[in-house]
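Notes to accompany the following structure.
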Amino acid sequence: MSETALKPDSGPDANRWKALVFIALAQLMVVLDATIVNIALPSAQEDLGISDGNRQWVITAYALAFGGLLLFGGRISDLWGRKRTFVTGLIGFAAASALGGAATGEAMMLGARALQGVFGALLAPAALSLLAVMFTDAKERAKAFGIYGAIAGGGGAVGLILGGFLTEYLNWRWTFFVNIPFAVIAALGAYFVIREPAGGRNRSPLDIPGVVLSTLGLVALVYGFTRAESDGWSDSVTIGMFVASVVLLAAFVLTEGKVKSPLLPLRVLTERNRGGVYLSLGLAVIAMFGLFLFLTYYLQIVEGYSPVKTGFAFLPMIAGMIVGSTQIGARLMTRVPPRLLMGPGFLLAAVGMLLLTQLEVGSSYTGLIMPAQLMLGLGMGTAFMPAMSLATHGVEARDAGVASAMVNTSQQVGGAIGTALLNTIAASATSAYLTDHAAGAANPKLVQAQAMVEGYTSAIWWAVGILAVSALIAATFINTGHQGGASASGDSVDGAEDEVKIPVMAH
């Protein structure tokens with residue numbers, strides 16, 4: 001039994017490349033928002049009188065709404081139409097950003113961030129599923145997903161640069177206002193240019209129990225990790241959230257197996273190639289989020305870089321991601337099985353991460369940090385690109401939104417886990433170093449900096465291991481052939497079952 005590959009009803013859409021510009025712009029805006037606010041947070045906290053205890057909620061409110069509602073957003077785009085969901089998400093995101101930029105107090109700011117998360121959860125799966133249904137030719141699909149993959153991977157670092165500029169030269173409010181022109185241009189462009197292929201909607205009634213259980217389960221999971229970072233792993237609320245999350249998500253899976261029109265059809269998850277993509281991508285994002293966090297702290301606090309200089313210090317990683325995604329991944333995707341791009345890609349990123357375990361106070365940027373970032377960027381770009389494409393390749397049109405939402409969900413949950421897990425490891429290693437070295441130190445400031453670096457490198461060792469596991473999963477779970485379509489002779493390449501379809505039941 002096999003799933004039917006996505007096919008347009010009347011040949012490729014003539015405006016598909018113009019549409020890609022607006023889809024990429026929207027994706028850039030959503031990814032930027034994940035990091036741009038981090039740099040602006042200290043200034044916003046001071047201006048709005050947000051307490052230290054509540055400061056994390058500026059990040060958490062967005063993460064909870066976005067992560068918790070992604071599956072629902074994916075299903076809405078399948079039900080309501082991807083173009084309509086995409087445009088609605090953009091308009092809502094712009095309005096929520098305007099509210100955040102104009103915030104006069106803590107409640108208004110947190111409300112705006114939660115609203116951004118809600119509309120982001122509509123927007124992100126609609127964007128990826130539009131790509132999946134508009135680009136069906138293998139070579140064109142490779143190029144389109146190469147561009148999308150570069151933005152998905154490199155957008156966070158661009159957010160650091162832009163956030164630094166806006167905070168340093170204007171003020172923190174512009175980190176919100178900057179979304180408005182992005183959203184308006186993308187919404188207008190999408191409205192006039194995108195023509196969604198007919199017949200790809202899933203008009204089955206909405207699975208309300210599935211929506212409630214998945215949303216509450218994902219919110220509990222993301223909040224559990226966020227809480228662990230601030231209050232520790234043994235905190236009763238942290239443990240309670242993890243227990244609730246397991247119970248709710250287990251109930252969700254049981255429900256999906258029984259209801260007539262599930263929110264997340266289990267056929268989307270149980271196909272081994274897609275399952276391998278979701279798992280390996282989620283793990284890789286754990287490592288990446290930790291890296292952004294520690295390198296930002298290292299460069300600003302230990303090395304004394306300004307926010308703008310810190311942003312520019314991430315450029316080699318962005319360059320590596322763009323080259324890996326558009327020049328390596330996109331060119332080889334139609335000739336090489338995805339596991340031979342994803343496995344080595346994640347391994348190269350692990351080697352780059354391994355270099356960063358050598359960080360010390362005063363480490364050379366050009367001798368250590370820059371080459372490590374280039375390797376990370378190249379590896380991640382090469383792996384992300386086929387992963388993004390494979391996650392929606394061969395999926396039934398009616399499931400495209402939900403399959404796309406699962407990619408975003410694995411990244412979002414991975415980000416929450418990465419921030420909490422690696423931060424906790426770093427904090428305990430820093431404390432242990434200070435306990436051993438602080439007494440009688442001739443230069444307490446130097447010892448403090450050394451302790452911080454010790455914390456970062458301890459956590460980075462974990463990130464190396466996580467990336468290695470990610471490479472192993474990609475190499476073993478993913479067994480499909482290249483995504484290049486059937487050859488002229490109809491021969492199968494590298495043991496692919498069928499070059500245009502992905503089998504539901506793996507061997």
remark   = Here the salt bridge (charged side-chain N to carboxylate O under 4.0 Å, His left out) pairs for residues 246-256, sequence neighbours left out, are none
ask   = Would you find a donor on one side and an acceptor on the other, under 3.5 Å apart, between the side chain of Ser470 and the backbone of Ile466?
value = no
note = Correct closest heavy-atom pair for Val336 and Leu341 would be CG1-CG, 4.4 Å
task = Taking salt bridge (charged side-chain N to carboxylate O under 4.0 Å, His left out) as the test, write out the residues that go with Asp235, two or more places apart.
result = Arg227
ask   = Are any of the side-chain heavy atoms of Ser214 and Leu264 separated by less than 4.5 Å?
value = no
query = Are the ring centres of Phe225 and Phe242 closer than 6.0 Å?
reply = yes
message = Between Tyr223 and Trp57, is the ring centroid distance below 6.0 Å?
response = yes
ask   = If you look only at pairs with a residue in residues 304-324, which of them pass as a side chain to side chain donor-acceptor pair (under 3.5 Å), with sequence neighbours excluded?
value = none
pair Leu213-Leu249: side-chain heavy atoms closer than 4.5 Å = no
task = Check whether any side-chain N or O of Tyr365 sits under 3.5 Å from a backbone N or O of Ala313 as a donor-acceptor pair, and report yes or no.
result = yes
query = Should Met370 and Met375 count as side-chain neighbours, where that means a heavy-atom distance under 4.5 Å?
reply = no
query = Are the side chains of Leu421 and Trp233 in touch, meaning some heavy atoms are under 4.5 Å apart?
reply = yes
task = Mind listing the closest non-hydrogen atom pair of Tyr433 and Glu454 along with its distance?
result = CD1-CG, 3.7 Å
task = Could you tell me whether the side chain of Asn273 reaches within less than 4.5 Å of the side chain of Val277, counting heavy atoms only?
result = no
query = At their closest point, which heavy atom of Pro371 faces which heavy atom of Thr366, and how far apart are they?
reply = CD-O, 3.3 Å
Distance-only donor-acceptor hits, side chain of residues 114-128, under 3.5 Å, sequence neighbours excluded:
| unit_1 | atom_1 | unit_2 | atom_2 | d |
| --- | --- | --- | --- | --- |
| Gln116 | OE1 | Arg113 | NH1 | 2.8 |
| Gln116 | NE2 | Ser97 | OG | 2.9 |

query = Hey, does the side chain of Arg272 reach the backbone of Phe477 with a donor-acceptor pair shorter than 3.5 angstrom?
reply = yes
ask   = So how far is it from Leu71 CG to Phe252 CZ, rounded to the nearest 0.5 Å?
value = 5.5 Å
key: Any donor-acceptor N/O pair, Thr430 side chain to Ala451 backbone, under 3.5 Å   = yes
key: Any side-chain heavy-atom pair of Ser410 and Leu279 under 4.5 Å   = no
inquiry  = Can you confirm if the aromatic rings of Phe66 and Tyr62 lie within a centre distance of less than 6.0 Å?
reply    = yes
inquiry  = Is the shortest side-chain heavy-atom distance between Gln373 and Leu295 below 4.5 Å?
reply    = yes
OG1-CZ distance between Thr382 and Arg331, expressed to the nearest 0.5 angstrom = 12.5 Å
Contacts table for residues 344-355: side-chain donor-acceptor under 3.5 angstrom, sequence neighbours left out:
none

remark   = Residue set satisfying ring pair (Phe, Tyr, Trp, His ring centres under 6.0 Å) with Phe176, at least two apart, ordered chain then number -> none
inquiry  = Can you give me the closest heavy-atom contact between Gly217 and Ser245, atom names plus distance?
reply    = O-OG, 3.5 Å
query = Where do Thr85 and Ile76 come nearest, in terms of heavy atoms and distance?
reply = OG1-O, 3.8 Å
task = Could you pull out the closest heavy-atom pair between Val361 and Glu303, with the gap in Å?
result = C-OE2, 3.9 Å
task = Determine yes or no for a side-chain-to-main-chain donor-acceptor pair under 3.5 angstrom, with Tyr456 supplying the side chain and Glu360 the backbone.
result = no
inquiry  = Once rounded to the nearest 0.5 Å, what's the spacing between atom CG of Leu269 and atom OH of Tyr278?
reply    = 6.5 Å
query = Backbone N or O of Leu263 within a donor-acceptor pair of the Asp207 side chain at under 3.5 Å?
reply = yes
